[in-house]
Engineer: 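First, the structure itself, so that you have it in front of you.
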Amino acid sequence: MPAILRAIHADITTLAVDAIVNAANKTLLGGGGVDGAIHRAAGPGLLACCRTLNGCGTGEAKITPGFCLPARYVIHTAGPVWRDGEHGEPALLAACYRHALELAAQAGLETIAFPCIGTGVYGYPPVLAAPCALSAVREALTRLPGIREVIFCCFSEGEQRRYEGLLGSEAR
Ligand code: AR6
């Protein structure tokens, strides 16, 4: 069965999936945006665990338990800081999605939710990030048959519509 891909409008900290992805920074020691929300909802155990991980390179990913979250695991990744798109940003953003899915598959996980990595504080234009995210996920899924469902968890209705448009146009 091919994996189900869907876009929802939600707070990612509320999702009872196998793993949620955190759009973190290279320190993995917390921050604002979705990172701050995840740490607040997971409780202090998450930060204590992240302190042992030795950070995370841009485009890489690391996994922790979900602590007090409804999700069983958090997969932390550091997106690229957007400059002008000519400094490897698309490849690094794609690597975030690919490495997160590879970690999930290695852990035997089946359902995973992503925020729109890089599109907040890091300034990646959402109109460019969404197709990059989607094609990276599609490519990785061809090699990772254990993943059953990928959710693009959008923090606005406009963003959800953007993903739905892309998902719909791919289906045609
Ligand atoms: N659920 C889902 N999406 C959310 C939530 C939430 N609770 N909160 C925000 N978003 P950002 P980045 C969306 O800035 O651009 C942090 O300080 C948000 O609307 O969280 O990768 C880290 O520590 C946007 O669409 O992440 C890093 O320093 C998306 O999540 C830096 O920000 C990503 O926005 C990373 O910047």
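Atoms within a ligand are numbered from 1 in the order they appear, just like the ligands themselves. The basis for the numbers below is simple: all heavy atoms, side chains too, and nothing from hydrogens, waters or symmetry mates.
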Engineer: I'd like a table of donor-acceptor pairs (distance under 3.5 Å, sequence neighbours excluded) in which one partner is a side-chain atom from residues 83-95, with atom names and distances.
Structural biologist:
{"unit_1": "Arg83", "atom_1": "NH2", "unit_2": "His87", "atom_2": "NE2", "d": "3.3"}
{"unit_1": "Asp84", "atom_1": "OD1", "unit_2": "Glu86", "atom_2": "N", "d": "2.8"}
{"unit_1": "Asp84", "atom_1": "OD1", "unit_2": "His87", "atom_2": "ND1", "d": "2.8"}
{"unit_1": "Glu89", "atom_1": "OE1", "unit_2": "Gly85", "atom_2": "N", "d": "3.4"}
{"unit_1": "Glu89", "atom_1": "OE1", "unit_2": "Glu86", "atom_2": "N", "d": "3.3"}
{"unit_1": "Glu89", "atom_1": "OE1", "unit_2": "His87", "atom_2": "N", "d": "2.7"}
{"unit_1": "Glu89", "atom_1": "OE2", "unit_2": "Arg83", "atom_2": "N", "d": "2.9"}
{"unit_1": "Glu89", "atom_1": "OE2", "unit_2": "Asp84", "atom_2": "N", "d": "3.2"}
{"unit_1": "Glu89", "atom_1": "OE2", "unit_2": "Gly85", "atom_2": "N", "d": "3.0"}

Engineer: Set out, in order, the CA-CA distance, both residues' side-chain angles and the distance that settles side-chain contact (heavy atoms from CB on, under 4.5 Å) for Cys153 and Gln160, then state yes or no.
Structural biologist: CA-CA 8 Å; Cys153 180; Gln160 182 196 12; over 6 Å; no
Engineer: Nearest 0.5 Å, what's the CG-CD1 distance between Leu103 and Ile75?
Structural biologist: 5.5 Å
Engineer: Please enumerate all residues that pass side chain to side chain donor-acceptor pair (under 3.5 Å) together with Arg161, with sequence neighbours excluded.
Structural biologist: none
Engineer: We want to know whether Thr64 and His76 form a side-chain donor-acceptor pair, criterion being a heavy-atom distance below 3.5 angstrom.
Structural biologist: yes
Engineer: Between ligand 1 and the protein, give all atom pairs where both partners are nitrogen or oxygen and the distance is under 3.5 Å, as lines of names plus distance to 0.1 Å.
Structural biologist:
{"unit_1": "ligand 1", "atom_1": "1 (N)", "unit_2": "Ile12", "atom_2": "N", "d": "3.0"}
{"unit_1": "ligand 1", "atom_1": "7 (N)", "unit_2": "Asp11", "atom_2": "OD1", "d": "2.9"}
{"unit_1": "ligand 1", "atom_1": "14 (O)", "unit_2": "Val121", "atom_2": "N", "d": "2.8"}
{"unit_1": "ligand 1", "atom_1": "15 (O)", "unit_2": "Gly118", "atom_2": "O", "d": "3.3"}
{"unit_1": "ligand 1", "atom_1": "15 (O)", "unit_2": "Thr119", "atom_2": "N", "d": "3.4"}
{"unit_1": "ligand 1", "atom_1": "15 (O)", "unit_2": "Gly120", "atom_2": "N", "d": "2.8"}
{"unit_1": "ligand 1", "atom_1": "15 (O)", "unit_2": "Val121", "atom_2": "N", "d": "3.2"}
{"unit_1": "ligand 1", "atom_1": "15 (O)", "unit_2": "Tyr122", "atom_2": "N", "d": "3.0"}
{"unit_1": "ligand 1", "atom_1": "17 (O)", "unit_2": "Gly32", "atom_2": "N", "d": "2.7"}
{"unit_1": "ligand 1", "atom_1": "20 (O)", "unit_2": "Val34", "atom_2": "N", "d": "2.8"}
{"unit_1": "ligand 1", "atom_1": "21 (O)", "unit_2": "Gly118", "atom_2": "N", "d": "2.8"}
{"unit_1": "ligand 1", "atom_1": "23 (O)", "unit_2": "Asn25", "atom_2": "ND2", "d": "2.7"}
{"unit_1": "ligand 1", "atom_1": "23 (O)", "unit_2": "Asp35", "atom_2": "OD2", "d": "2.7"}
{"unit_1": "ligand 1", "atom_1": "25 (O)", "unit_2": "Thr119", "atom_2": "OG1", "d": "3.0"}
{"unit_1": "ligand 1", "atom_1": "28 (O)", "unit_2": "Asn25", "atom_2": "ND2", "d": "3.3"}
{"unit_1": "ligand 1", "atom_1": "28 (O)", "unit_2": "Tyr122", "atom_2": "OH", "d": "3.4"}
{"unit_1": "ligand 1", "atom_1": "34 (O)", "unit_2": "Gly120", "atom_2": "N", "d": "3.4"}

Engineer: Would you list the pairs meeting ring-ring contact (aromatic ring centres under 6.0 Å, His included) in which at least one residue belongs to residues 110-153, sequence neighbours left out?
Structural biologist: Trp82-Tyr124, Tyr97-Phe114, Phe152-Tyr163
